[in-house]
Undergrad: 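If you scroll down you'll find the structure; I have some questions about it.
Computed from a predicted model, the values in this text were never measured in an experiment. All heavy atoms count here, side chains included; hydrogens, waters and symmetry mates do not.
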Amino acid sequence: MGKKEKPPVATGEIIQLRIDSLNHNGEGVGRISGYAVFVPGALPGELVQAKVISLQKNYCRALIESITRTSPERLEPVCDQYTACGGCQLLHLAYGEQLRLKQKTVEDALLRIGGLRVPVRPTIGMDDPWHYRNKAQVPVAAQNGEILAGFYEKRSHNIVDLKRCHLQHPSNDQVVHAVRRILGELKIPAYQENTHTGLVRHILARTSFSTGNVLAVIITNGRTFPRKEEFVAGLRRAVPNITGIVQNINTRKGNTIIGPEEIVLWGQPWLMETLDGLQFKISPRSFFQVNPLQTEALYRKAVEYAALTGSETVFDLYCGSGTISLFLARGACRVIGVESVEAAIKDARENAALNGITNAEFQAGPAEKIVPKLLKEGGKADVVVVDPPRKGCDSALLDTMAKMQPQRIVYVSCNPATLARDLKILHQKGYTPLEAQPVDMFPHTFHVECVVLITRNI
């Protein structure tokens, strides 16, 4: 389509479209005269009738009106609220095909964005890809005098009142249902986003897969908590395996969920979780991967790629609460973890002590500032492991990593696009990605985690 040409479709128009592929958001992709049309819920090979709902210069988005030809990979979603809830995107796609899609997503990003042809191994999936989430974090609202708690509806901030989530550990569902019921019975007001009034904003539930214990966090718009003793007693009766109830205070406007202050209403404000024989203490604000089984698979692959012999110094950048650091410490001479969130560094040090690990140390501060400082002071890493947020690595950090000349870099990514961008930069600085391993941390969603082995050109 030329620069001055108008899109070949109009908002509100019903179009017939053949779906050729899925994009990185799990939406079906078709084309009309070369113009891309994204259709949520459509699958490759399908012929659909779709209504155009939004128009951009290079693409539009359309919603399915009917399916004329159906893909053999299409399934009937197990969740009856799937079409409304925005929590999942791929429940209608056979799980084996989801794994192939995620492998292809990584391949396409590395080639299209990074210009790199890297062998991408088949995605490591789950034998039982259900009830894998150890954390539920759901907004609360009031409607017609009823308390709602669930995930946001697609393309809106309206809450879908979920009775059951097939991805959550059942204890998390149990907490959400109990809190919603007790709030209603005690007339404790829900938060109203449009007026910034009301009290309860979110319910956060965390379950330990190794102990079965559950922690409940009630996020409130202020310090007051009416009928607190009755609330605690009711929740303890409803959830026998609950070991802690915490109030988190967030009075800020906007979408930030967790606030800076906590009050323990009852019990212990943490859980213990076991990963590959290591113990981790998880507090309400701790970062911890939500899928424990796949976390073990991901971290074992990272350790495999690090190829440690016991003599190496390893830098673990964006180390969070030190989970990967402690996996690495069992095979390295020395591990230095760097993380900008001071609370996470505190957790990392506690977790190292808890496991009797003495060869891991942790520094708080932005990796792009700490690592150049370490290099200037003569610090060098034989192996660098990096696990950045979705935005990827800071360019200054990539430059410093290359100057340090580690033999290997292990890149753990939750975003194939920024992974590809960063690998391209590292490749220009003398580092070659040898292999990528996708891991399905979030079955039935479009998200894909990936770990990449990168070596220095000799």
Undergrad: Does the pair Val214 and His169 meet the rule for a side-chain contact (heavy atoms from CB on, under 4.5 Å), with working shown?
TA: CA-CA 10 Å; Val214 61; His169 189 288; over 6 Å; no
Undergrad: Less than 4.5 Å apart, side chain to side chain, heavy atoms only: is that true for Glu97 and Leu43?
TA: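 A side-chain contact under 4.5 Å is absent here.
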Undergrad: If you define the side chain from C-beta out and look only at heavy atoms, does anything of Ile454 sit under 4.5 Å from Leu426?
TA: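 They are in side-chain contact.
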Undergrad: With distance as the sole criterion, is a donor-acceptor pair present between the side chains of Asp276 and Tyr299 under 3.5 Å?
TA: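 The answer is no; no qualifying pair exists.
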Undergrad: Which atoms form the tightest heavy-atom contact between Leu90 and Thr445, and what is the distance?
TA: CD1-O, 3.3 Å
Undergrad: About how many Å separate CG of Asn250 and CG of Asn248, when rounded to the nearest 0.5 Å?
TA: 6.5 Å
Undergrad: For Glu368 and Ser395, indicate whether the former's side chain and the latter's backbone hold a donor-acceptor pair under 3.5 Å.
TA: no
Undergrad: Where is the tightest heavy-atom contact between Phe362 and Cys319, given as atom of each residue plus distance?
TA: CD2-SG, 3.9 Å
Undergrad: Has Arg390 got a side-chain atom pairing as donor or acceptor with Cys414's backbone, closer than 3.5 angstrom?
TA: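 Present.
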Undergrad: Is there a donor-acceptor pair closer than 3.5 Å between any side-chain N or O of Arg206 and the backbone N or O of Ser283?
TA: yes
Undergrad: For the pair Val179 and Phe231, evaluate side-chain contact (heavy atoms from CB on, under 4.5 Å) and give the outcome as yes or no after the intermediate values.
TA: CA-CA 8 Å; Val179 171; Phe231 175 85; 4.2 Å; yes
Undergrad: With rounding to the nearest 0.5 Å, note down the distance linking SG in Cys450 to CG in Leu110.
TA: 7.0 Å
Undergrad: Tell me, do Val29 and Phe38 make a side-chain contact under 4.5 Å, heavy atoms counted?
TA: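 The answer is yes; the side chains approach within 4.5 Å.
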Undergrad: Measuring from Gln174:CD to Arg164:CZ, what's the distance to the nearest 0.5 Å?
TA: 13.5 Å
Undergrad: For the pair Gln437 (side chain) and Pro122 (backbone), establish whether a donor and an acceptor sit closer than 3.5 Å, ignoring hydrogens and angles.
TA: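 A pair under 3.5 Å: yes.
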Undergrad: Minimum heavy-atom separation for Ile159 and Ala141, please, with both atom names.
TA: CD1-CB, 3.6 Å
Undergrad: Got a donor-acceptor contact below 3.5 angstrom from the Asn25 side chain to the Glu27 backbone?
TA: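 Side chain of Asn25 to backbone of Glu27: no pair is present.
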Undergrad: Do the charged groups of Glu262 and Arg285 touch, with an N to O distance under 4.0 Å?
TA: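 Between Arg285 and Glu262 there is a salt bridge, with a charged N closer than 4.0 Å to a carboxylate O.
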Undergrad: Side chains of Pro284 and Ile258, heavy atoms from C-beta outward: is any pair under 4.5 Å?
TA: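 They are not in contact (no side-chain heavy atoms under 4.5 Å apart), so the answer is no.
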Undergrad: Decide if atom NZ of Lys135 counts as having more than 12 heavy atoms of other residues, nucleotides or ligands within a radius under 6.0 Å.
TA: yes
Undergrad: Looking at every non-hydrogen atom in both residues, tell me the closest pair between Asp161 and Ala149 and how far apart they are.
TA: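 In this case the closest contact between Asp161 and Ala149 is OD1-N, 2.9 Å.
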Undergrad: Looking at Asn355 and Leu326, would you say the former's side chain and the latter's main chain have a donor-acceptor pair under 3.5 Å?
TA: no
Undergrad: May I have the step-by-step check of salt bridge (charged side-chain N to carboxylate O under 4.0 Å, His left out) for Glu107 and Lys104, ending in yes or no?
TA: CA-CA 5 Å; Glu107 288 173 344; Lys104 187 174 186 301; over 6 Å; no
Undergrad: Decide if the gap between the ring center of His196 and the ring center of Tyr191 is smaller than 6.0 angstrom.
TA: yes
Undergrad: Measure from the side-chain N and O atoms of Ser208 to the backbone N and O of Asn213, and report whether any donor-acceptor pair falls under 3.5 Å.
TA: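 No, the answer is negative, given that no donor and acceptor are paired below the 3.5 Å cut-off.
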Undergrad: Can His202 and Gln137 be said to form a side-chain hydrogen bond (donor to acceptor under 3.5 Å, both in side chains), step by step?
TA: CA-CA 7 Å; His202 283 79; Gln137 195 167 259; over 6 Å; no
Undergrad: His131 vs His166 aromatic rings, parallel, tilted or perpendicular, using cut-offs 30° and 60°?
TA: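 It falls in the tilted class, 30° to 60°.
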Undergrad: Less than 4.5 Å apart, any side-chain heavy atom of Cys393 and any of Tyr411?
TA: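 The answer is yes; the side chains approach within 4.5 Å.
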Undergrad: On a heavy-atom basis, which atom in Phe225 and which in Gln247 lie closest, and how many Å separate them?
TA: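 Closest pair (atom of Phe225, atom of Gln247, distance): CD1-CD, 3.8 Å.
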Undergrad: Stepwise, does the salt bridge (charged side-chain N to carboxylate O under 4.0 Å, His left out) test hold for Glu46 with Arg74?
TA: CA-CA 10 Å; Glu46 293 188 330; Arg74 178 174 287 278; 2.7 Å; yes
Undergrad: Taking all atoms of both residues into account, what is the closest heavy-atom pair of Pro292 and Asn134, and its distance?
TA: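 Residues Pro292 and Asn134, closest heavy atoms: CG-ND2, 3.6 Å.
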Undergrad: Please report the C-alpha distance between Val290 and Phe442 in whole Å, then the side-chain angles of each, then the deciding distance to 0.1 Å, and finally whether the side-chain contact (heavy atoms from CB on, under 4.5 Å) criterion is met.
TA: CA-CA 9 Å; Val290 300; Phe442 309 99; 3.4 Å; yes
Undergrad: Between Glu304 and Lys301, does at least one N-O distance fall below 4.0 Å, as a salt bridge requires?
TA: yes
Undergrad: More than 12 heavy atoms of other residues, nucleotides or ligands under 6.0 Å from CG of Asn194: yes or no?
TA: yes
Undergrad: Quick one: does Phe280's side chain get under 4.5 Å of Thr323's, heavy atoms only?
TA: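 The answer is yes; the side chains approach within 4.5 Å.
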Undergrad: Do other residues, nucleotides or ligands put more than 12 heavy atoms under 6.0 Å from Glu146 CD?
TA: no
Undergrad: Looking at Gln268 and Leu215, would you say the former's side chain and the latter's main chain have a donor-acceptor pair under 3.5 Å?
TA: no
Undergrad: I need the Leu183 CG to Ile203 CD1 distance, nearest 0.5 Å.
TA: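 The CD1 atom of Ile203 is 6.0 Å from CG of Leu183, to the nearest 0.5 Å.
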Undergrad: Can you measure from NE2 (His447) to CE (Met441) and round to the nearest 0.5 angstrom?
TA: 12.0 Å
Undergrad: Quick check: does any side chain N or O of Glu449 sit under 3.5 Å from a backbone N or O of Val439, one acting as donor and the other as acceptor?
TA: no
Undergrad: Run the side-chain hydrogen bond (donor to acceptor under 3.5 Å, both in side chains) check on Thr123 and Asp440 step by step: do they pass?
TA: CA-CA 6 Å; Thr123 306; Asp440 191 21; over 6 Å; no
Undergrad: Parallel under 30°, tilted from 30 to 60°, perpendicular over 60°: which one fits the rings of His92 and Tyr82?
TA: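 Judged by the thresholds at 30° and 60°, the geometry between His92 and Tyr82 is tilted.
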Undergrad: Does Phe327 have Arg330 sitting over its ring (NZ/CZ under 6.0 Å from centre, angle to axis within 45°)?
TA: yes
Undergrad: I want to check something: taking the side chain as every heavy atom from C-beta on, are Leu199 and Pro226 in contact at a cut-off of under 4.5 Å?
TA: yes
Undergrad: Could you measure the distance from the CZ atom of Phe288 to the CG atom of Asn351? Nearest 0.5 Å is fine.
TA: 8.0 Å
Undergrad: Taking Tyr95 for the side chain and Pro443 for the main chain, is one N or O donor matched with an acceptor at less than 3.5 Å?
TA: no
Undergrad: Kindly determine whether Leu293 and Tyr132 satisfy side-chain contact (heavy atoms from CB on, under 4.5 Å), including the steps that lead there.
TA: CA-CA 8 Å; Leu293 291 174; Tyr132 60 81; over 6 Å; no
Undergrad: Answer whether the closest heavy-atom distance between the side chains of Leu22 and Leu93 falls below 4.5 Å.
TA: yes
Undergrad: Would you find more than 12 non-hydrogen atoms of other residues, nucleotides or ligands less than 6.0 Å from His177 atom NE2?
TA: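 Enclosed.
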Undergrad: Whether the Asp347 and Ser321 side chains hold a donor-acceptor pair (N or O, under 3.5 Å, no angle test) is what I'd like checked.
TA: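 No, no side-chain donor-acceptor pair sits under 3.5 Å.
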Undergrad: Taking the basic N atoms (NZ, or NE/NH1/NH2) and the acidic carboxylate oxygens, is any pair closer than 4.0 Å for Glu342 and Lys346?
TA: no
